[in-house]
Amino acid sequence: MAAGPDRSLRSVGVTTAGHLLRDWRRTRRMSQLDLSIEAGISTRHLSFVETGRSRPSPEMILRLAERLDIPLAERNTILLAGGHAPAFPGHDVDDPALAQVRAAARQILDGHSPNPAALIDRHWHLVEANAAIALFTAGAAPELLAPPVNVLRLSLHPDGMAPRIGNLPEWRAHLLDRLRRQAAATNDSTLYDLHAELSGYPGGGAEVVTGPSVVVPLRYRELSFLSTTTLFGTPLDVTVAGLAVESFFPADAATARALA
């Protein structure tokens with residue numbers, strides 16, 4: 001996953017569309033020549049856009065943003081900086097416009113039983129889950145289960161799942177690395193802050209997976225899980241772009257028997 005713009009950009013007052021595009025290009029480690037070829041424009045035109053000598057049209061901003069794989073929310077920010085209207089809506093997760101999306105997610109969650117699965121938003125807040133997720137929430141402090149529930153905080157907090165995770169150093173390292181990469185890719189201050197918070201929780205560190213596992217397992221109580229992440233394809237809504245279904249599967253025969 002490519003890194004996103006340095007977090008310091010949030011505080012230096014970068015406001016022009018050209019400057020924002022330039023900073024995303026640099027952090028994607030693309031030269032002006034590379035991007036101009038990808039976007040089908042001249043290097044001279046791209047240079048004029050980045051320096052502010054040329055005001056990019058909405059179509060130009062979206063073309064460059066697509067090649068730079070900029071998150072939808074940030075594409076809206078660049079459009080606004082260029083004096084244009086946002087291109088992507090951001091409905092509330094309970095908005096009727098997202099009813100079919102919620103229905104599809106619900107079908108996945110229900111179909112995954114008796115294995116745990118949860119729908120989360122881009123900041124790792126729990127949107128909904130199937131009944132099996134109670135396996136993970138049982139025993140957690142009530143304040144960690146008060147909405148909005150942050151599933152990463154619930155996982156690593158000493159009053160959450162952490163005391164019952166048998167390979168906590170390994171699982172913690174996996175989650176923190178994933179969160180770090182997500183924050184860098186999106187330049188999202190909320191994710192940076194969450195990473196800083198979770199990094200301060202106890203649990204030790206681990207750089208490599210121990211044992212014969214082919215993926216990082218979650219060893220919870222006497223059970224063992226592997227996990228997958230499902231995203232919605234071709235999202236055109238900021239909220240939908242951030243939704244993901246986190247599904248847990250038995251990592252061994254004993255866990256499969258226990259869940260069945």
Side-chain angles (χ1 to χ4, degrees), residues 71 73 90-95 98-99 101-168 170-183 185-186 188-203 216-221 223 225-232 235 237-249 259:
H91 294 93
D92 185 84
V93 72
D94 294 320
D95 192 291
L98 301 190
V101 169
R102 290 289 297 270
R106 186 73 252 173
Q107 185 174 357
I108 295 172
L109 297 177
D110 291 342
H112 195 61
S113 294
N115 304 319
L119 178 67
I120 62 170
D121 68 16
R122 65 192 177 104
H123 292 144
W124 290 88
H125 293 130
L126 182 65
V127 178
E128 58 181 304
N130 64 12
I133 208 71
L135 175 69
F136 296 150
T137 59
E143 58 269 22
L144 294 174
L145 301 178
V149 177
N150 187 282
V151 298
L152 292 188
R153 183 179 293 115
L154 175 66
S155 297
L156 300 182
H157 195 284
D159 294 327
M161 293 171 55
R164 293 171 290 282
I165 297 178
N167 61 332
L168 180 59
E170 173 178 273
W171 185 248
R172 177 180 181 272
H174 159 66
L175 291 185
L176 289 177
D177 181 65
R178 181 176 173 185
L179 180 57
R180 177 188 61 79
R181 292 172 179 270
Q182 182 185 357
T186 60
D188 190 316
S189 61
T190 298
L191 295 179
Y192 278 114
D193 292 340
L194 181 61
H195 185 275
E197 176 193 337
L198 301 186
S199 297
Y201 291 170
V216 178
L218 170 61
R219 306 194 190 282
Y220 192 72
R221 300 185 188 271
L223 305 177
F225 298 91
L226 55 87
S227 63
T228 65
T229 302
T230 303
L231 305 175
F232 285 93
D237 180 277
V238 172
T239 302
V240 176
L243 292 177
V245 176
E246 296 289 328
S247 305
F248 292 85
F249 295 83
L259 291 174

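- Residues Pro116 and Phe225 approach most closely at CD-CE2, 4.0 Å, considering heavy atoms.
- Here the shortest heavy-atom pairing between Gly90 and Val238 reads CA-CB, 4.1 Å.
- The minimum heavy-atom distance linking Ala185 with Pro71 is given by the pair O-CG, 4.0 Å.
- Residue Phe232 holds its CZ atom at 9.0 Å from CG of Leu98, rounded to the nearest 0.5 Å.
- Shown here for Leu119 and Ala105, the closest heavy-atom pair between the two residues is CD2-CB, 3.8 Å.
- Contact annotation: the side chain of Arg219 never approaches that of Trp171 to less than 4.5 Å [non-hydrogen atoms, C-beta and beyond].
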Legend entry - Audit row: Glu246, Trp124, side chain to side chain contact (heavy atoms under 4.5 Å, CB included) steps and yes/no: CA-CA 10 Å; Glu246 296 289 328; Trp124 290 88; 4.1 Å; yes
Compile the donor-acceptor pairs under 3.5 Å between side chains in residues 143-150 and protein atoms, sequence neighbours left out, one pair per line.
unit_1 : atom_1 : unit_2 : atom_2 : d
Asn150 : OD1    : Leu152 : N      : 3.1
Asn150 : OD1    : Arg153 : N      : 3.0
Asn150 : ND2    : His123 : O      : 2.9

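- Of all non-hydrogen atoms in Ala183 and Leu191, the two that sit nearest each other are CB-CB, 3.7 Å.
- Judged by distance alone, the side chain of Arg172 and the main-chain N or O of Asn167 form no donor-acceptor pair under 3.5 Å.
- When atom types are taken as modelled, the side chain of Asn130 and the backbone of Asn115 share a donor-acceptor pair closer than 3.5 angstrom.
- The two residues Ile165 and Ser155 make their nearest non-hydrogen contact at CD1-O, 3.7 Å.
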Inset, instruction - Could you go through the side chain to side chain contact (heavy atoms under 4.5 Å, CB included) check for Thr239 and Asp95 one step at a time? - result: CA-CA 10 Å; Thr239 302; Asp95 192 291; over 6 Å; no
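- Once rounded to the nearest 0.5 Å, the distance linking NE2 of His174 with CG of Leu218 reads 9.0 Å.
- With sequence neighbours left out, the side chain to side chain donor-acceptor pair (under 3.5 Å) criterion links Arg102 to Asp94, Glu128.
- Checking Arg178 against Thr229 by side-chain atom types alone, a donor-acceptor pair falls below 3.5 Å.
- Under the side-chain contact (heavy atoms from CB on, under 4.5 Å) rule, Leu243 has a single partner from Asp121, Thr230, Asp237, which is Asp121.
- When atom types are taken as modelled, the side chain of Ser227 and the backbone of Ser247 share no donor-acceptor pair closer than 3.5 angstrom.
- Under a 3.5 Å cut-off, the side chain of Arg106 and the backbone N or O of Val101 do not form any donor-acceptor pair.
- Put simply, OH on Tyr220 and CG on Leu168 are 11.5 Å apart, with the number rounded to the nearest 0.5 Å.
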Legend entry - Steps toward side chain to side chain contact (heavy atoms under 4.5 Å, CB included) verdict (Leu135, Leu259): CA-CA 10 Å; Leu135 175 69; Leu259 291 174; 4.3 Å; yes
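- Under the 6.0 Å cut-off for aromatic ring centres, Phe136 and Phe248 qualify, their centroids lying closer than that.
- Side-chain contact between Leu175 and Leu198 is absent, with no heavy atoms from C-beta onward closer than 4.5 Å.
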